[in-house]
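Below, chains carry the letters A, B, ... as their sequence lines are ordered, and counting in each starts from 1.
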Number of protein chains: 2
Amino acid sequence: MTDAPQKHDDHARSDGAGATTAAHPLDGHLGFILRRAQLGVFQELTGIFGAYDLRPAQFAVLKVIEARPGISQSEAAESISVKTTNFATLIAQMEARDLVRRETSPTDRRGRMLFLTPGGQTICRDVTALWADYERRLTERLGGDDARAALVAMLKALDADTPS
Amino acid sequence: MTDAPQKHDDHARSDGAGATTAAHPLDGHLGFILRRAQLGVFQELTGIFGAYDLRPAQFAVLKVIEARPGISQSEAAESISVKTTNFATLIAQMEARDLVRRETSPTDRRGRMLFLTPGGQTICRDVTALWADYERRLTERLGGDDARAALVAMLKALDADTPS
DNA sequence: TATTGTTATACTCTATAACTATA
DNA sequence: TATAGTTATAGAGTATAACAATA
């Protein structure tokens with residue numbers, strides 16, 4: 001009970017010695033609250049996907065290819081916010097595991113078109129079910145669909161992207 | 001404009017070719033939305049703290065020591081959700097930069113008590129001002145204090161920690 | 001025997017630079 | 001010259017194991 005395995009335990013309370021340790025020095029710090037929530041969710045996701053040895057980013061790749069078979073590597077990389085240089089490694093590993101297949105684009109022989117293999121489709125379908133289940137539980141924790149929609153809207157506002 | 005430097009551009013819209021690319025395959029995926037918001041905020045924070053060559057975790061250490069001078073390494077590590085083994089490296093770097101000072105605890109000679117040096121106090125004060133400013137801007141983006149409070153409550157709910 | 005802190009190590013994620021093959 | 005993809009590499013972040021000093 002000493003190490004905090006990427007999880008917090010108790011903080012912000014009276015410390016029992018009389019000093020009433022004020023909240024937590026980072027309790028007003030949105031960046032850290034956000035980080036902990038994100039790490040917590042990813043940790044749970046990794047646990048849920050663990051039986052398939054899939055990390056969140058790999059699942060994201062499956063979903064992107066499923067949605068747009070034949071998508072190029074650069075487009076796929078951009079859509080999951082991964083640099084093309086790192087995507088090359090990521091997709092190579094997934095190809096080695098026979099989850100995805102690459103074809104040279106006939107119209108531009110530099111490009112590689114991405115497809116799911118039958119095995120990739122199966123895993124994508126199975127893991128999607130687990131994922132949907134988990135999202136439903138998250139939505140419950142949040143207090144329902146409206147709360148979730150509000151959360152998503154605020155997260156997108158934080159992302160400082162949505163054009164003014 | 002090819003690489004997506006840890007930032008997304010446009011997604012989810014008609015793609016101009018008539019295919020109306022549906023939303024984004026990850027748009028319903030809370031984990032990814034959370035991750036992008038967190039990365040965006042940390043990126044902005046790193047930029048803001050950049051002049052002081054402080055990363056978010058280092059700033060967190062300063063704040064924790066400021067709040068509780070003399071705190072032990074294990075307590076400080078736990079309060080920012082970093083393993084003690086990694087905290088050792090982190091704090092050693094900050095000591096080398098003369099931001100913090102370590103004293104052997106008189107009551108338990110295994111323990112090290114942490115303090116801010118005068119330089120550390122100065123940086124902590126200056127960066128706290130920048131940080132508070134940034135938090136205010138974030139709160140505005142969110143739509144005010146109430147929205148922010150709602151966000152924090154939901155993020156904590158996601159963290160699956162708050163005792164039932 | 002348990003705890004505090006340290007070192008060594010490893011794996012993932014992210015980033016830059018240099019390269020190839022096409023265009 | 002510019003683009004799609006690759007390789008090599010480097011830095012953070014996070015994890016485990018083994019250890020020293022102290023309790």
Q) Starting at CD of B:Glu78 and ending at P of C:dT3, how long is that distance when rounded to a whole Å? A) 13 Å

Q: Rounded to the nearest angstrom, tell me the gap between atom CG in B:Leu90 and atom C1' in C:dG5.
A: 14 Å

Q) Residues from residues 47-62 of chain B sitting under 4.0 Å of DNA chain C, heavy atoms only? A) none

Q. Side chains of A:Thr46 and A:Gln43: donor-acceptor distance under 3.5 Å anywhere?
A. no

Q. Tell me: CD1 of B:Ile71 to P of C:dT4, nearest whole Å?
A. 13 Å

Q.
With a 3.5 Å distance limit and no angle check, can you tell me whether B:Gln58 reaches the backbone of B:Met94 through a side-chain donor-acceptor pair?
A. no

Q: For residues A:Lys63 and A:Cys124, report the shortest heavy-atom separation together with the two atoms involved.
A: CD-SG, 3.9 Å

Q. With the threshold set at 4.0 Å, does a side-chain nitrogen-carboxylate oxygen contact exist between B:Arg148 and B:Glu135?
A. yes

Q: Quickly work out the B:Gln43 CD to D:dA12 P distance and round it to whole Å.
A: 16 Å

Q) Rounded to whole angstrom units, what separation is found between the NZ atom of A:Lys83 and the C1' atom of D:dG5? A) 15 Å

Q: Decide yes or no on side-chain contact (heavy atoms from CB on, under 4.5 Å) for A:Leu34 and A:Leu158, but give the supporting numbers first.
A: CA-CA 10 Å; A:Leu34 207 45; A:Leu158 284 186; 3.8 Å; yes

(Q) Does this structure show an ion pair linking A:Asp133 with A:Arg136, if we count only N-O contacts that are shorter than 4.0 Å? (A) yes

Q) In B/S/- notation, 5' to 3', how is nucleotides 18-23 of chain C contacted by protein heavy atoms closer than 4.0 Å? A) ---BBS

Q: Apply the ring-ring contact (aromatic ring centres under 6.0 Å, His included) test between B:Phe59 and each candidate in B:Tyr134, B:Phe49, B:Tyr52; give the one that qualifies.
A: B:Phe49

Q. What is the distance, rounded to the nearest whole Å, between atom CZ of B:Arg102 and atom P of C:dT4?
A. 16 Å

Q) How many Å lie between CD1 on B:Ile80 and P on D:dA12, as a whole number? A) 16 Å

Q.
I want to confirm an ordering. Mapping B:Phe87 and A:Asn86 to their closest nucleotides on DNA chain C, which one lands closer to the 5' end?
A. B:Phe87

Q.
Can you tell me if A:Ser74 touches the phosphate of D:dG5, counting only side-chain N or O atoms and a distance under 4.0 Å to OP1 or OP2?
A. yes

Q.
In this structure, how many angstroms lie between the P atom of D:dT22 and the CZ atom of B:Arg112, rounded?
A. 11 Å

Q: Starting from the C-alpha separation in whole Å, work towards a yes-or-no answer on salt bridge (Lys or Arg N to Asp or Glu O under 4.0 Å) for B:Glu103 and B:Arg112.
A: CA-CA 5 Å; B:Glu103 260 181 48; B:Arg112 322 287 234 98; over 6 Å; no

Q | Flag, side chain of A:Arg101 to backbone of A:Thr117, donor-acceptor distance under 3.5 Å | A | no

